[in-house]
*Asks:* 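This is the structure I want to talk about, given as structure tokens.
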Amino acid sequence: MKPILLHPAPQPEFDRLLIASLPANGPRYTSYPTADRFHSGFTESEYINALEQRRSGALNKPVSLYIHIPFCNTICYYCGCNKIITKDTGRADAYIEYLEKETALLAKHLHGRPKLAQLHFGGGTPTFLNDEQLERVFSMIRKHFELMPTGEYSIEIDPRKVSRETVLHLGKLGFNRMSVGIQDFDPKVQQAVNRIQSLEETRTVIEAAREAGFKSVSVDLIYGLPHQNTNSIKNTLDTVLSLNPDRLALYHYAHLPHLFKPQRRIDTEAVPGSEEKLDMLQYAVNYLTENGYIFIGMDHFAKPDDELATALNEGRLQRNFQGYSTYADCDLVAIGVSSIGKIGNTYAQNEKNIEAYYAALDAGHLPILRGYTLNQDDLLRRNIIQDLMCRFALDFRTYEELFSIGFQHYFAEELKDLELLAELGLLSLENHSLQVSAKGRFLIRNIAMVFDYHLRHKETATKYSQTV
């Protein structure tokens, strides 16, 4: 599908009243349909069938690989990720054995060594693994995949547990992109979420990444944590920009202690209210754009010369389970407990429980827990939502050609909803196109939700995060 870029996406306009008038929860659309729509009726055989179908025309197409490392040394109270808290690094040795088993089973259906366009180590804390363990995993990767000179190979870093020497070692292994967890530099906030992290150890990691030749360093921040306020956010942002990151993600903290047990250790009274959170977001957006960062989408910012900003301007931006990406949409092979992959028109998620994950592999089976096979309507809507999230525009004729539909007739109900959003200034509608406005870019999830058939017609027990 050719990129859609009616004209370059405008820099965002933070309309405080508009944002406050549209309170809503909704998906982040790292996939469509969203993961809560996956079901246990999707089996290992369907996943294998999807892998085998790559042979018909897509065998030489590069793939993306995601590896989930679930272990953490300590618990961060805000975290809702699938993780295992332990200080026993020996548990990782056993886990790697099962990663090797899973990859060997997958290799039977990959037919050769696919070119690896993207690699991402997520967690948990990927650097829970020591240098020898990381080498072992990379040896497994090189055995089954062909690394590319232009590949994007990233890893999530916890600076509290990583030395300069380890970062240099990561560069030698082949990593060339890094995501550094910070969240907040305020000592009171750090204490409240059980994540004490100094500027010095964070700076050491980032400087080592540049010394090792990493092409991009991204940092993660969270707003809405206990004891945060506009003044504390100002200080954190000043400190972060002194580190000169290439990219920055500013996530909204969703306080859901009834869903995530670690959050029960957070004092709810200390969590800022919605008005304070909007104050923090408004300040952060203005501060980052005034300091030269480009708003990529949702909660991501990048320097003008960063690959993400270039991809946005050229209409090549993509979105997947790891967020925004620069590489053309490709199949995603995912290994490790709870990991989610995308092969062709299917999604597949591994067992979330580590014992169930191990048991499936011991029995010689791929550890599929659930998944989803997209129908033609899903594929159409996935393309539309991808274009909205990444290009902030739609050309209706593209979908009419690809899917043999009349857009106005097929999406008659959706267009009525879009007209209401147009009246609010979120977008402009023409006969054959849609363009998201500068105001609407912050509310892109609200716009994308209009095209979500499952959200419109089917109930879900999932509690989505706030759209802003």
*Asks:* Verify the distance criterion only: is there a donor paired with an acceptor across the side chains of E276 and T230 at less than 3.5 Å?
*Replies:* yes

*Asks:* If you measure only the distance, is there a donor-acceptor pair under 3.5 Å linking the side chains of H255 and T268?
*Replies:* yes

*Asks:* Any side-chain to backbone donor/acceptor pair from N345 onto T373? Under 3.5 Å, distance only.
*Replies:* no

*Asks:* D378 and H454: side-chain donor and acceptor closer than 3.5 Å?
*Replies:* yes

*Asks:* I'd like to know if the side chain of T127 pairs up with that of T125 as donor and acceptor (distance under 3.5 Å, no hydrogens or angles considered).
*Replies:* no

*Asks:* Using 30° and 60° as the class limits, which term best fits the ring planes of F71 and Y95: parallel, tilted or perpendicular?
*Replies:* perpendicular

*Asks:* Answer whether the closest heavy-atom distance between the side chains of M140 and L99 falls below 4.5 Å.
*Replies:* yes

*Asks:* Return yes if a side-chain donor-acceptor contact under 3.5 Å exists between Q386 and R319, otherwise no.
*Replies:* no

*Asks:* Taking G315's backbone N and O only, do any of them form a donor-acceptor pair with R391's side chain (distance below 3.5 Å, no angle check)?
*Replies:* yes

*Asks:* If you round to the nearest 0.5 Å, how far is CG of L51 from CG of D331?
*Replies:* 8.5 Å

*Asks:* Would you find a donor on one side and an acceptor on the other, under 3.5 Å apart, between the side chain of N176 and the backbone of Y153?
*Replies:* yes

*Asks:* Is it true that R142 and E135 make a salt bridge, defined as a side-chain N closer than 4.0 Å to a carboxylate O?
*Replies:* no

*Asks:* Could K161 and F128 be counted as a cation-pi pair, given that NZ or CZ must be under 6.0 Å from the ring centre and within 45° of the axis?
*Replies:* no

*Asks:* Is it the case that the side chains of T239 and T236 hold a donor-acceptor pair, with the cut-off being a distance below 3.5 Å and no angle test?
*Replies:* no

*Asks:* Please check this pair: side chain of Q349 against backbone of S338, looking for a donor-acceptor N/O pair closer than 3.5 Å.
*Replies:* yes

*Asks:* Say whether Q197 and D184, considering side chains only, have a donor N or O and an acceptor N or O under 3.5 Å apart.
*Replies:* no

*Asks:* Report the C-alpha distance between T166 and V205 in whole Å, list the side-chain angles of each, state the deciding distance to 0.1 Å, and finish with yes or no for side-chain contact (heavy atoms from CB on, under 4.5 Å).
*Replies:* CA-CA 9 Å; T166 293; V205 165; over 6 Å; no

*Asks:* Looking at side-chain heavy atoms only, is the closest gap between L241 and L288 below 4.5 Å?
*Replies:* yes

*Asks:* For the pair Y358 and Y98, name the ring-plane relationship: parallel under 30°, tilted 30 to 60°, perpendicular over 60°.
*Replies:* parallel

*Asks:* If every non-hydrogen atom of V63 is compared with every non-hydrogen atom of P114, which pair is closest and at what distance?
*Replies:* CG2-CB, 4.0 Å

*Asks:* Report the relative orientation of the aromatic rings in H39 and Y372; use parallel for angles under 30°, tilted for 30 to 60°, perpendicular for over 60°.
*Replies:* perpendicular

*Asks:* Hey, could you give me the CG/CG distance between D279 and N229, rounded to the nearest 0.5 Å?
*Replies:* 10.0 Å

*Asks:* Taking the side chain as every heavy atom from C-beta outward, state whether K143 and R113 have any atom pair closer than 4.5 Å.
*Replies:* no

*Asks:* Output yes when a side-chain donor or acceptor of E307 lies under 3.5 Å from a complementary backbone atom of T326, and no otherwise.
*Replies:* no

*Asks:* Answer yes or no: is there an ion pair linking D246 with R177, defined by an N-O contact shorter than 4.0 Å?
*Replies:* no

*Asks:* Could you go through the side-chain contact (heavy atoms from CB on, under 4.5 Å) check for V162 and V167 one step at a time?
*Replies:* CA-CA 7 Å; V162 177; V167 175; 3.5 Å; yes

*Asks:* Start with the C-alpha distance between K215 and E152, add both sets of side-chain angles, then the distance that settles salt bridge (Lys or Arg N to Asp or Glu O under 4.0 Å), and finish with yes or no.
*Replies:* CA-CA 9 Å; K215 294 181 180 179; E152 300 176 355; over 6 Å; no

*Asks:* Is any side-chain heavy atom of V436 closer than 4.5 Å to a side-chain heavy atom of I444?
*Replies:* yes

*Asks:* Please name the pair of heavy atoms, one in R316 and one in T310, separated by the smallest distance, quoted to 0.1 Å.
*Replies:* NH2-CG2, 3.8 Å

*Asks:* Side chains of D452 and Y29: donor-acceptor distance under 3.5 Å anywhere?
*Replies:* yes

*Asks:* Please indicate whether E132 has more than 12 foreign heavy atoms, meaning atoms of other residues, nucleotides or ligands, lying under 6.0 Å from its CD.
*Replies:* no

*Asks:* Side chains of T346 and L374: does their closest heavy-atom pair fall under 4.5 Å?
*Replies:* no

*Asks:* List the atom of V337, the atom of E351, and the distance in Å for their closest heavy-atom pair.
*Replies:* CG2-O, 3.1 Å

*Asks:* Considering non-hydrogen atoms only, spot the tightest contact between V240 and P245 and give its length.
*Replies:* O-CD, 3.4 Å

*Asks:* To the closest 0.5 Å, what do you measure between CD1 (I294) and CG (D306)?
*Replies:* 10.5 Å

*Asks:* I'd like to know if the side chain of Q228 and the backbone of L225 have a donor-acceptor N/O pair within less than 3.5 Å.
*Replies:* yes

*Asks:* Please confirm whether the backbone N or O of T43 pairs with a side-chain atom of E46, one donor and one acceptor, at under 3.5 Å?
*Replies:* yes

*Asks:* For the backbone of A35 and the side chain of R370, can you confirm whether one donor and one acceptor N or O come within less than 3.5 Å of each other?
*Replies:* yes

*Asks:* Cut-off 3.5 Å, side chains only: do Q133 and D93 have a donor facing an acceptor?
*Replies:* yes

*Asks:* Is there a donor-acceptor contact under 3.5 Å linking the side chains of S154 and H120?
*Replies:* yes

*Asks:* Kindly say whether S198 contributes a backbone atom to a donor-acceptor pair with the side chain of T202 at under 3.5 angstrom?
*Replies:* yes

*Asks:* Report yes if some heavy atom in the side chain of V285 is under 4.5 Å from a heavy atom in the side chain of F301; otherwise report no.
*Replies:* yes

*Asks:* Which side-chain hydrogen bond (donor to acceptor under 3.5 Å, both in side chains) pairs, counting each pair once, include a residue from residues 284-298, with sequence neighbours left out?
*Replies:* D238-Y287

*Asks:* Between CZ of R445 and CD1 of I385, what distance do you get to the nearest 0.5 Å?
*Replies:* 12.5 Å

*Asks:* Is there a donor-acceptor contact under 3.5 Å from the side chain of R195 to the main chain of Q190?
*Replies:* no

*Asks:* Using the rule given for side chain to side chain donor-acceptor pair (under 3.5 Å), can you reason through S325 versus Q118, listing the C-alpha separation, both sets of side-chain angles and the distance that settles it, and then say yes or no?
*Replies:* CA-CA 9 Å; S325 167; Q118 293 176 315; 2.5 Å; yes

*Asks:* So, using side-chain contact (heavy atoms from CB on, under 4.5 Å) as the criterion, who are the partners of D299 when residues are at least two apart?
*Replies:* R28, Y251

*Asks:* Is it the case that H258 and Q263 place a side-chain donor and acceptor less than 3.5 Å from each other?
*Replies:* no

*Asks:* For a side-chain contact (heavy atoms from CB on, under 4.5 Å) with Y347, tell me which candidate from F42, F321, Y47 qualifies.
*Replies:* F321

*Asks:* Any side-chain heavy atom of L170 within less than 4.5 Å of one from I157?
*Replies:* yes

*Asks:* For the CE atom of M280 and the CD1 atom of I222, what is their distance to the nearest 0.5 Å?
*Replies:* 11.5 Å

*Asks:* Among F442, F14, F392, whose ring-ring contact (aromatic ring centres under 6.0 Å, His included) with F295 holds?
*Replies:* F442

*Asks:* Do I266 and V271 have side chains that approach each other closer than 4.5 Å (heavy atoms only, starting at C-beta)?
*Replies:* yes

*Asks:* Is the shortest distance from a Lys or Arg side-chain nitrogen in R164 or E211 to a carboxylate oxygen in the other one below 4.0 Å?
*Replies:* yes

*Asks:* Rounded to the nearest 0.5 Å, what's the gap from CG on D220 to CD1 on I182? Could you check?
*Replies:* 8.0 Å

*Asks:* State, without any angle test, whether T86 and D88 hold a side-chain donor-acceptor pair at a distance under 3.5 Å.
*Replies:* no

*Asks:* Would you please indicate yes or no on a ring centroid separation below 6.0 angstrom for Y66 and F121?
*Replies:* no

*Asks:* To check you understand the geometry: which heavy-atom pair defines the closest contact between C76 and R160, and what is its length?
*Replies:* SG-NH2, 3.8 Å

*Asks:* More than 12 heavy atoms of other residues, nucleotides or ligands under 6.0 Å from CD of E13: yes or no?
*Replies:* yes

*Asks:* Work out which heavy atom in A309 is nearest to a heavy atom in K303; give both atom names and the distance.
*Replies:* CB-O, 3.4 Å

